[in-house]
Amino acid sequence: MDNIKVNVKILIMVVIAVVGMAIIGIRGAVSINDGHKQMQQMYDVEMKSVELLGNAESKMRTIQVRSMQVIADPTRLTELSKAQQKDISEMEAILQEYATLAKMDGSADGLDEMLGYWDSFKKSMPAVMTAVQQGGTQAGIDEYNRKGKDDTVKLRDSLNSLINITKEEAKAANEAAAESGRSSMMVMLITTIVCVLLLLTFSYKLINSIRGALNIMVHVCDKLSSGNFIVRTEPSQRKDELGDVHRALYDMTLKIGDLLKEVSKTTEQMAAASQQLNSSSMESANAATSVAQSVADAASVVVQQQTAVTNGAD
């Protein structure tokens with residue numbers, strides 16, 4: 001940590017934050033897209049299949065009712081026969097669309113069985129009308145009881161079974177979508193926690209690293225500001241900008257120490273010179289005093305001699 005430049009440390013923190021946000025954003029976008037696809041799949045295949053099977057069951061009942069109507073009123077044979085053929089064509093289209101969806105979804109279990117029942121049913125219902133046309137109402141009833149009733153029951157049960165299967169598949173798809181959403185939320189939550197922990201850990205180490213270096217430099221500056229210029233510090237081994245400042249401060253304390261030594265040495269030299277000057281001054285003063293005393297003594301002798309001469313002359 002101490003050997004990483006401050007700008008690189010800040011860049012690392014930014015990278016951690018950006019990577020975390022990118023992961024969360026991408027995962028969120030993917031999750032939303034997957035959820036949309038699953039919901040679209042559920043509607044386009046599962047729910048559409050239920051709708052088609054429901055329409056097929058309703059249409060089957062309509063086809064059956066046409067045959068019952070002919071048995072009840074043979075005079076409507078031509079009209080009802082045409083209507084029944086139209087219903088059969090529409091039923092074919094519905095089942096063909098359902099078969100396409102089922103094969104696309106990979107859930108074609110029971111499809112072939114249902115189509116087999118349909119093939120039998122679409123023949124037995126017109127056969128009831130043919131029996132009425134040829135033998136009357138009772139013949140139609142007998143034909144319906146002979147085959148048409150069983151074909152109706154089998155096709156109905158097969159359609160209901162497929163409806164139930166499709167509903168279960170839709171339920172399973174919905175649960176899968178919900179699980180996928182929960183999984184994505186968990187991934188995003190874990191990613192957020194990891195990134196936050198990384199940022200907190202890195203920030204804690206960075207703060208401690210900076211604080212330790214600053215405390216040393218503040219201590220040195222406090223000593224210098226109080227007049228204590230003899231501060232013992234060790235050169236920093238850090239490779240970052242704080243290490244550069246610390247080493248510069250260390251060099252400054254060394255130079256101040258050298259300067260103080262020079263000042264002290266100069267002061268001692270000046271004191272010695274001053275003391276020597278004082279001694280010389282004292283000697284000069286003493287010599288001057290001696291000379292003055294000698295001159296005074298000589299003058300006194302001269303005066304005494306002159307006085308003696310003067311007295312002798314008198």
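All values derive from a computational prediction rather than experimental measurement. Residues: numbered from 1 along the sequence shown.
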Salt bridge between Glu90 and Lys59, side-chain N to carboxylate O under 4.0 Å?
yes
Answer yes when Lys122 and Asp119 have at least one side-chain N-carboxylate O distance shorter than 4.0 Å, and no when they do not.
yes
Any non-hydrogen side-chain atom of [X] less than 4.5 Å from a side-chain atom of [Y]?
| X | Y | result |
| --- | --- | --- |
| Arg182 | Met185 | no |
| Thr152 | Arg61 | yes |
| Leu159 | Trp118 | no |

Looking at [X] and [Y], would you say the former's side chain and the latter's main chain have a donor-acceptor pair under 3.5 Å?
| X | Y | result |
| --- | --- | --- |
| Ser158 | Lys154 | no |
| Thr201 | Leu198 | no |
| Ser58 | Gly54 | no |
| Ser183 | Glu179 | no |

Within this structure, what is the [atom1]-[atom2] distance for the pair [X] and [Y], rounded to the nearest 0.5 Å?
| X | Y | atom1 | atom2 | value |
| --- | --- | --- | --- | --- |
| Leu52 | Leu162 | CG | CG | 11.5 Å |
| Gln69 | Leu77 | CD | CG | 12.0 Å |
| Leu53 | Asn164 | CG | CG | 10.0 Å |
| Glu51 | Leu101 | CD | CG | 10.5 Å |
| Glu92 | Ile94 | CD | CD1 | 10.5 Å |
| Asn160 | Glu57 | CG | CD | 4.5 Å |

Side chains of [X] and [Y], donor plus acceptor under 3.5 Å:
| X | Y | answer |
| --- | --- | --- |
| Asp87 | Thr62 | no |
| Gln64 | Tyr144 | yes |
| Lys147 | Ser120 | yes |

Apply side chain to side chain contact (heavy atoms under 4.5 Å, CB included) to Val70 and Arg66, showing your working.
CA-CA 6 Å; Val70 168; Arg66 303 295 187 195; 5.8 Å; no
Grouping I, L, V, M, F, W and Y whenever their side-chain heavy atoms are under 4.5 Å apart, do Ile16 and Val194 come out in a common cluster?
yes
Considering non-hydrogen atoms only, spot the tightest contact between [X] and [Y] and give its length.
| X | Y | value |
| --- | --- | --- |
| Ser67 | Gln84 | OG-NE2, 2.8 Å |
| Pro126 | Phe121 | CD-O, 4.3 Å |
| Leu80 | Met129 | O-CE, 3.5 Å |
| Gly140 | Val128 | O-CG1, 3.6 Å |
| Tyr98 | Thr166 | OH-OG1, 4.1 Å |

Assess the residue pair Arg156 and Val153 against the criterion (side chain to side chain contact (heavy atoms under 4.5 Å, CB included)); give the C-alpha distance rounded to whole Å, side-chain angles, the decisive distance to 0.1 Å, and a yes or no.
CA-CA 5 Å; Arg156 179 202 65 195; Val153 172; 3.6 Å; yes
Hey, mind stepping through Met68 and Ile71 against side chain to side chain contact (heavy atoms under 4.5 Å, CB included) and telling me if it holds?
CA-CA 5 Å; Met68 296 298 101; Ile71 292 175; 3.7 Å; yes
Sequence neighbours excluded - salt bridge (Lys or Arg N to Asp or Glu O under 4.0 Å) pairs with any residue from residues 69-84:
Arg76-Glu79
Please list all pairs passing the salt bridge (Lys or Arg N to Asp or Glu O under 4.0 Å) test where one or both residues lie in residues 125-143, with sequence neighbours left out.
Glu143-Arg146
Neighbour count >12 (heavy atoms, 6.0 Å) for atom CD, Gln96
no
Give the intermediate values and the outcome of side chain to side chain contact (heavy atoms under 4.5 Å, CB included) for residues Leu155 and Met91.
CA-CA 12 Å; Leu155 180 58; Met91 179 82 166; 4.3 Å; yes
